[in-house]
Amino acid sequence: MREVTAIELTARQLHIVELVKQHAPITGEQIAEMLGLSRPTLRSDLALLVMLGLVDAKPKVGYSPGSVVSSGGEVSRRLQGMKVKDIQAMPVIIRESSSVHDAVVTLFMENVGSLIVVDEESCLSGVISRKDLLKFTLGNHNASSMPVSMVMTREPNVIHVFPEDSVIEAARKMMHHQVDSLPVVARSKQESAQAQGRIRWEVVGRVTKTIMTQLLLDLATEGV
């Protein structure tokens, strides 16, 4: 039996659960008003609570308490027991010395929304998305020949996860940081990285919103 990963909810998330219990059915706008916050601010909290099965969401009705005996509760328990290494895909990688033109070609050839950039030692250097490339190339006639290092979001500003992290934690990071994918990393054993006295990350996989959606669909329709 797989060990269930404990998820520590924030004080605000616990407050939301209590509000739903007391006032169900309740809309997101009503919850936001009671907390004195905007609806977009609560989006990631509500998405996480729904995924955990702590609250249920019904279109045009609102939020109600989740049921541990419902099929949704079973999906929640299954999700909490899953780790990133159980669902991660192969990373789509490009070298930081590659050109913007190479990055555009790779994006479309691999049919992905973002690329993971690595340095000469194959350690995480950054990430680059379709939006990054579009913003950089519009009106810039010399963009295609420039290195992707000029466009990418650089490490350590890259949000990543580890193989042993829970799937729920990965989903939480995606929602909180509003990103479509996350590199999966392990600590690099390169001697040069250790000699520099800083932690470097070896890229071992990736997790995307598409993978998450497929996982939820598979679990929700299992046995149907």
Flag if over 12 foreign heavy atoms under 6.0 Å of [atom1], [X]:
X    : atom1 : value
E29  : CD    : yes
H177 : NE2   : yes
N157 : CG    : yes
H23  : NE2   : yes

For the student: nearest non-hydrogen atoms of [X] and [Y], plus distance:
X    : Y    : result
L182 : V179 : CD2-CG2, 3.8 Å
S64  : A24  : CA-CB, 3.8 Å
M51  : A171 : SD-CB, 3.7 Å
I211 : I87  : CG2-O, 3.6 Å
S181 : S114 : OG-OG, 2.8 Å
P25  : Q30  : O-OE1, 4.5 Å

Worked check of side-chain contact (heavy atoms from CB on, under 4.5 Å) between D86 and V167: CA-CA 9 Å; D86 298 326; V167 168; 5.8 Å; no

Qualifying residues under side-chain hydrogen bond (donor to acceptor under 3.5 Å, both in side chains), relative to R187, sequence neighbours excluded: none

Stepwise side-chain contact (heavy atoms from CB on, under 4.5 Å) check, R95 with S122: CA-CA 8 Å; R95 299 283 177 179; S122 298; 3.4 Å; yes

Do [X] and [Y] come close enough that some side-chain heavy atom pair is under 4.5 Å?
X    : Y    : result
K21  : V17  : yes
L138 : L134 : yes
T208 : T213 : no
V204 : P163 : yes
V203 : V184 : no
E96  : E120 : yes
V127 : R154 : no
E169 : V161 : no

Give, for atom [atom1] of [X] and atom [atom2] of [Y], the distance between the pair rounded to the nearest 0.5 Å.
X    : Y    : atom1 : atom2 : result
Q178 : M175 : CD    : CE    : 6.0 Å
L48  : M174 : CG    : CE    : 13.5 Å
Q88  : D165 : CD    : CG    : 10.5 Å
N111 : T210 : CG    : OG1   : 9.0 Å

side-chain contact (heavy atoms from CB on, under 4.5 Å) between T27 and V61, intermediate numbers included: CA-CA 7 Å; T27 66; V61 176; over 6 Å; no

Candidate list D56, L46, L54, test side-chain contact (heavy atoms from CB on, under 4.5 Å), partner Y63, passing option: L46

Between [Y] and [X], do the side chains contain a donor N or O and an acceptor N or O under 3.5 Å apart?
X    : Y    : result
S145 : S99  : no
T41  : S38  : yes
S125 : E155 : no

Considering only NZ, NE, NH1 and NH2 on the basic side and carboxylate oxygens on the acidic side, decide whether [X] and [Y] come within less than 4.0 Å.
X    : Y    : answer
R12  : D45  : yes
K85  : E164 : yes
R200 : D119 : yes

Whichever hydrophobic residues join V117 through chains of side-chain contacts under 4.5 Å: V92, I94, V100, V104, L107, F108, V112, L115, I128, L133, F136, M146, V148, M150, V151, M152

Sequence neighbours excluded - salt bridge (Lys or Arg N to Asp or Glu O under 4.0 Å) pairs with any residue from residues 201-214: D180-K209

Under 3.5 Å: donor-acceptor pair, side chain of K173, backbone of H160: yes

Chi angles and distances behind the side-chain contact (heavy atoms from CB on, under 4.5 Å) call for Q13, L49: CA-CA 8 Å; Q13 290 162 354; L49 294 174; 4.2 Å; yes

